[in-house]
Amino acid sequence: MSTLDTIEDHLLTDEDTDLFELLCRRRGWSDQYLKEIESTEHDELLGLAEMVEALADARAAGKKIAIAPDFDMDGISSGILGYAGLSELGFDVELHLPDYRRGHELTPEDIAEIHGKWPDTRVLLTCDGGVNSHRGMAAARALGWTTLVTDHHEELAPGSTADVTVDPCRIDETYAHTGICGAHVLYQVIEAYTRVYRPEKLWEIHLLRLFAGLGTVSDVMPVLYENRQLLRDAISIARLLRTAAPKTIPNPWGGFDADPDAIDIGQSILMQLLRTEPHHQVFLQAFEGFATMLKAFAQIGKIRSVDDLDEGFFGFYLAPAMNSPRRTGASLEPCFGVFTAHSADAKLKAAHQVIESNELRKQLIIEHIEELTVGDQPLAPWVYFSDAYPGMYGLLANRMMESNSHPVVVVNRPAGPNDFVSGSGRAPEWFDIITSVAPHDGLSAIGHQQACGVRVAKAEKLGDLVAVLQEATQAALLAVRTDGPHGDLVLGPDADCDAGLEDLQPLFELVRRTERLKPFGHGFPAPVVEIAIEPLGLRVDRIGSDSQHLRLVTRFGLSCLWWNMAEEKFEMLQNFVRRASRTELGTLRFTARLQLNTFRGDTRVQAVINEQITTAVRAA
């Protein structure tokens, strides 16, 4: 945004300011742009037609297909999507449980396990991985298997050795929007097969968009173009699998409260629809499993209404829970078992095991972040050493990246200068880790540009990695805006604010119009506002079952929630408010997201605080 634009913005009076239009201007959200990103048109992926024919040949010959997925949420989504979809279409198909200790690439050990468990396997189908798994492909070919790879990771020279590879990041691919997840790639293959050979099954196969959308959010794919409608469809299907908790628990007022334990997933709209026609048991189990996960989250209070099921639920609750076993060293079996177990009890048990593993992950994050911030870290703030379980490195790197506002790599602590070192890197949207380290000997990265595994041939080259990150960051920052407001809009009483907080109706209209642009996510993030709050008349309360959250209510009635910050910030805020009654203080500044909250039929706008920016902008 230019200086002239800033001046023009602040020449507007409150009466003239349309906050939504101002937001769109600053974001560059022209009508044309918003129309373009809604386009679902896309080219056909290279190799897709060949893979469809290979699948048709396999089904005609009655060949057993073994699906080999990756172990993260996108891999789980891909595996369940493929297993359910091909089963429903009449294939003889099995699902391999991956071992995250072997890494993301398919290995000869995986092939040996598949062969040992299903010796009559004739076709290997990978999902969310395999494009660079040369050793695994060689082991499969040695057994005479047809090898089919669906992936979305960058194909590295000399290229895939599979019989057929479908990957938007193939070396020779021209697919315009490469940011589609592994589950979406496999979905396109299965949908294309269905259109040609089983068109009467298209309705059932379209329901599998649920898992492709889940993979899209969990793998932080851009919420643009074909991904936008895919995600909307996934959310709609998820809502059809939710069953409201019946009100069977007596309360002190003579009425009844909801009882999540009494939820009957069979009463969800989608499960009732599926029962009207015969379907393969594996196909039904996949959707029963998702409904069971919703029940489990309702039992711990994370889902209270259908509105709670959105891209935020996928990204902040479901995906982290499914990713937690590999972070903590726990078994991956419950993550697949919740979608494949034969009994309702087994599914629910698996769902709660997943959630329990996630609670352990949260606790370990707290412990290991302290290790990073108070321990001996000679290469900080660019590279950190950790003694955590390797699956935690990505989460730790992400936390430190958010704290430092630049790329960060977390690695194992080497014993000597010649030790091989590996870890995980995370970077802001404006920085590409893989591209930055690729030209340098002894450094390599694989995965996604902002979230990848990083390898260093010898520990003595870690200094080179630090230098690369520093230099590339300086160059990248020249191309991004780093000054000015921390939010898209600035709200409050200060001179630089776009609108005040006395009248909340304009904020209500802003949120209402903004929510029509959902879904938000990577590449199309939700708007963030900077709020300036006067301490005079501010009420600060501790809320939550353990009084762990804060609620700040301004004298004009705007409620601001600050999750898990009561222990750290309550006394400071209380003291600040007390001082405001005796002397003139400046405003408190926060970044926040605005949302609508409905309670007992009354809908109001509220803010969810991300972080505090300053204590005051005006001297006392």
Side-chain angles (χ1 to χ4, degrees), residues 70-75 100 103-105 128-129 132 152-154 156 169 178-179 181 218-222 319-320 323 326-327 361 364-365 368-369 371-373 375 377-414 419-477 480 522-523:
D70 196 13
F71 50 76
D72 63 6
M73 182 74 263
D74 187 20
Y100 55 76
H104 288 282
E105 297 299 336
D128 190 32
N132 298 309
H152 73 131
H153 296 95
E154 183 179 359
L156 305 176
C169 295
T178 58
C181 71
S218 67
D219 237 28
V220 199
M221 294 292 100
N323 282 327
R326 67 186 177 100
R327 313 290 195 191
R361 172 193 66 85
L364 289 175
I365 282 287
H368 290 300
I369 285 293
E371 168 200 0
L372 298 190
T373 53
Q377 298 292 343
L379 302 180
W382 302 92
V383 175
Y384 291 85
F385 297 116
S386 177
D387 297 319
Y389 188 80
M392 299 285 289
Y393 289 172
L395 295 177
L396 298 174
N398 193 67
R399 288 289 186 93
M400 300 313 293
M401 181 268 293
E402 291 176 344
S403 176
N404 293 309
S405 300
H406 62 61
V408 167
V409 176
V410 174
V411 298
N412 63 290
R413 192 181 299 273
D419 283 6
F420 172 79
V421 179
S422 65
S424 292
R426 294 295 184 270
E429 288 187 38
W430 45 264
F431 189 92
D432 292 344
I433 297 181
I434 297 174
T435 301
S436 298
V437 306
H440 302 274
D441 292 337
L443 307 180
S444 62
I446 188 168
H448 303 296
Q449 291 284 9
Q450 284 76 42
C452 58
V454 177
R455 299 175 180 178
V456 182
K458 293 183 179 180
E460 62 185 15
K461 285 188 170 290
L462 284 167
D464 295 346
L465 176 60
V466 171
V468 168
L469 294 175
Q470 286 179 319
E471 294 170 7
T473 294
Q474 290 174 359
L477 284 175
V480 298
H522 180 63

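Quantities reported herein were computed from a predicted structural model and do not represent experimental measurements.
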Set of side chain to side chain donor-acceptor pair (under 3.5 Å) partners for H104, sequence neighbours left out
D70
If I compare all heavy atoms of V220 with all of H522, which pair ends up nearest, and what's the gap?
O-CD2, 3.2 Å
Give me the atom names and distance for the closest heavy-atom approach of Y393 to S386.
OH-O, 3.3 Å
Locate the shortest heavy-atom distance separating G179 from P222; write the atom from each residue and the value.
O-CD, 3.6 Å
At what distance, to the nearest 0.5 angstrom, does CD of E371 lie from CG of L364?
11.0 Å
Separation between CZ of F385 and CD of Q377, rounded to the nearest 0.5 Å:
7.0 Å
Give the C-alpha distance, both sets of side-chain angles, the deciding distance and a yes or no for side-chain contact (heavy atoms from CB on, under 4.5 Å) between L469 and V409.
CA-CA 9 Å; L469 294 175; V409 176; 4.0 Å; yes
From CG (D387) to CG (L372), nearest 0.5 Å
9.5 Å
For residues 397-412, pull every pair meeting side chain to side chain donor-acceptor pair (under 3.5 Å), keeping only residues two or more places apart or in separate chains.
Y384-N404, N398-E402
Here the gap from N132 atom CG to I446 atom CD1, rounded to the nearest 0.5 Å, amounts to 5.0 Å
For R426 and A397, the nearest pair of non-hydrogen atoms, with its separation, is CG-CB, 3.8 Å
Return yes if some donor-acceptor pair links the side-chain N/O of Q450 with the main-chain N/O of A427 below 3.5 Å, else return no.
no
Does a side-chain heavy-atom distance below 4.5 Å link P428 with P407?
yes
Using every non-hydrogen atom in the two residues, find where A445 and V437 come nearest and quote the distance to one decimal.
CB-CG2, 3.7 Å
To the nearest 0.5 Å, how far apart are CZ in R361 and CG in N323?
8.5 Å
Determine, stepwise, if the pair F71 / D128 fulfils side-chain contact (heavy atoms from CB on, under 4.5 Å).
CA-CA 9 Å; F71 50 76; D128 190 32; over 6 Å; no
From CA spacing to verdict: side-chain contact (heavy atoms from CB on, under 4.5 Å), H153, H448
CA-CA 7 Å; H153 296 95; H448 303 296; 3.7 Å; yes
Between R327 (side chain) and G391 (backbone), is there a donor-acceptor pair under 3.5 Å?
yes
To the nearest 0.5 Å, what is the distance between NE2 (H368) and CE (M400)?
14.0 Å
For the student: nearest non-hydrogen atoms of P414 and L462, plus distance:
CG-CD1, 4.4 Å
Evaluate H152 against D219 for side-chain contact (heavy atoms from CB on, under 4.5 Å), listing each step before the verdict.
CA-CA 11 Å; H152 73 131; D219 237 28; 3.0 Å; yes
